[in-house]
Amino acid sequence: MEDREMTVVEHLTELRTRIIWVLAVFFVALIAGFFCAGPLIEYLKEKPITEGVPLISLHPSDTLRVYMQFAFLVGAVVTLPVALFHIWRFVSPGLQVNERRVTLYFIPAAFFLFIIGVLFGYYVVFPMIMLFVTGMSLGMDVKPSYGIAEYFGFLFNLVIPFGVLFQLPIIVIFLTRLRLLNPMRLAKMRRFAYFGLAVVGITLTPPEIVSDILVTVPLLLLYEVSIWLSKIVYRKQLAEEEKWNNEYNMEADEAVR
């Protein structure tokens, strides 16, 4: 029943239902985010990153804006695995049984890597940048004080892209499964990938060699892990093809006999 061909209307109906489910989860998570926003803001304000640097409100709506940003972030993070699961459920009828099982593992892996990337951005990259810019201000005899909306906006704009960057292994595995990439091609692209990742790392960090290395090296290791995972997927594909060809040849030989 599940494997029968669906009409275009049925596909659109299913898509609408899954979108409604995702939006409903996001709405509930958004409400929960409002209750979590206060403790999260207080926790981040007490971190040593902002120690000695006051956070001030420059506009009457700044605090509301910050609360909305945190509530939206909590809602998005909670909804991410649900959205990925519904995407998988929507496309899974077009996949083989083994492909459904493999792609299902992408959901927790993608969520885990996103969280790891955000934590890396916050605990490694963000402190280096804040210490650098604060040190520059003090060096110019300027007492720093940051608007709370601008401070957290800068924080989100910096750490969330790292959550996206850390999706690289998942993207590589997915493209390898689609035969759009393979480990040989990734190895040939290594110099260009290294250059691009180094540019990203240097751009996002202060102009200081230690900071550049601390950010760039994990990104390069992430690329090497992606190549390693692509090799595993590619070898498994070749083994499955060889097994299928052997079975096909055996059936053909029996038919001839």
Side-chain angles (χ1 to χ4, degrees), residues 3 11 15 18-19 22 76-77 79-121 124-125 157-205 212-249:
D3 293 333
H11 273 295
L15 179 61
R18 299 196 180 283
I19 291 175
V22 172
V77 171
T79 308
L80 177 61
V82 178
L84 292 174
F85 175 75
H86 279 282
I87 292 173
W88 176 81
R89 287 288 296 169
F90 183 73
V91 303
S92 61
L95 303 176
Q96 298 179 3
V97 176
N98 60 330
E99 290 177 333
R100 294 179 190 177
R101 184 176 62 255
V102 171
T103 53
L104 182 60
Y105 296 148
F106 286 178
I107 298 175
F111 181 72
F112 176 76
L113 287 174
F114 178 81
I115 297 299
I116 292 297
V118 169
L119 293 177
F120 175 79
V124 177
V125 182
N157 292 334
L158 182 67
V159 303
I160 292 178
F162 276 96
V164 177
L165 280 173
F166 272 59
Q167 301 298 307
L168 180 61
I170 301 297
I171 296 173
V172 167
I173 292 175
F174 181 73
L175 294 179
T176 303
R177 295 288 302 183
L178 295 179
R179 299 299 179 89
L180 298 177
L181 279 180
N182 58 56
M184 291 78 72
R185 186 175 300 175
L186 289 170
K188 290 180 180 179
M189 295 168 52
R190 182 181 275 113
R191 285 181 296 177
F192 302 102
Y194 275 18
F195 176 77
L197 292 173
V199 169
V200 171
I202 293 172
T203 303
L204 293 177
T205 54
D212 295 339
I213 292 175
L214 288 176
V215 173
T216 303
V217 170
L219 295 179
L220 300 184
L221 292 176
L222 202 64
Y223 187 79
E224 291 300 325
V225 170
S226 300
I227 295 178
W228 176 69
L229 293 174
S230 179
K231 287 181 180 179
I232 295 175
V233 175
Y234 186 72
R235 289 171 182 170
K236 188 174 182 180
Q237 286 179 323
L238 293 180
E240 290 175 352
E241 287 182 356
E242 184 177 359
K243 180 180 178 181
W244 185 86
N245 289 331
N246 291 336
E247 292 177 353
Y248 178 80
N249 292 333

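What you see is a predicted model; the values in this text were computed from it and never measured.
- For the atom pair Leu197 CG and Ile202 CD1, the distance stands at 11.0 Å (nearest 0.5 Å).
- Within the 4.5 Å cutoff, side-chain heavy atoms of Thr79 are placed close to those of Val22.
- Scanning all heavy atoms of the two residues, the minimum distance from Ala109 to Ile170 falls at CB-CD1, 3.5 Å.
- In this structure, the separation between CD1 on Ile232 and CD1 on Ile173 is 8.0 Å, given to the nearest 0.5 Å.
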Which donor-acceptor pairs under 3.5 Å do the side chains of residues 218-226 make with protein atoms, sequence neighbours left out?
from	atom 1	to	atom 2	distance (Å)
Tyr223	OH	Leu186	O	2.8
Glu224	OE1	Arg190	NH2	3.3
Glu224	OE2	Arg190	NE	2.8
Glu224	OE2	Tyr194	OH	2.4
Ser226	OG	Leu222	O	2.9

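- A distance of 7.0 Å separates CD1 of Ile227 from NZ of Lys231, quoted to the nearest 0.5 Å.
- In this structure the side chain of Val82 reaches within 4.5 angstrom of the side chain of His86, judged on heavy atoms.
- A heavy-atom distance below 4.5 Å is not found between the side chains of Ile107 and Phe111.
- Not counting sequence neighbours, the partners of Arg185 by the side chain to side chain contact (heavy atoms under 4.5 Å, CB included) test are Leu181, Asn182, Met189.
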Checklist entry - Please walk me through it: do Val172 and Leu229 pass side-chain contact (heavy atoms from CB on, under 4.5 Å)? => result CA-CA 8 Å; Val172 167; Leu229 293 174; over 6 Å; no
Using a 3.5 Å cut-off and no angle test, enumerate the donor-acceptor pairs between side-chain atoms of residues 160-167 and protein atoms at least two apart in sequence or in another chain.
from	atom 1	to	atom 2	distance (Å)
Gln167	NE2	Ala110	O	2.9
Gln167	NE2	Gly163	O	3.3

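- When all heavy atoms of Val159 and Gly121 are compared, the closest pair comes out as CG1-C, 3.5 Å.
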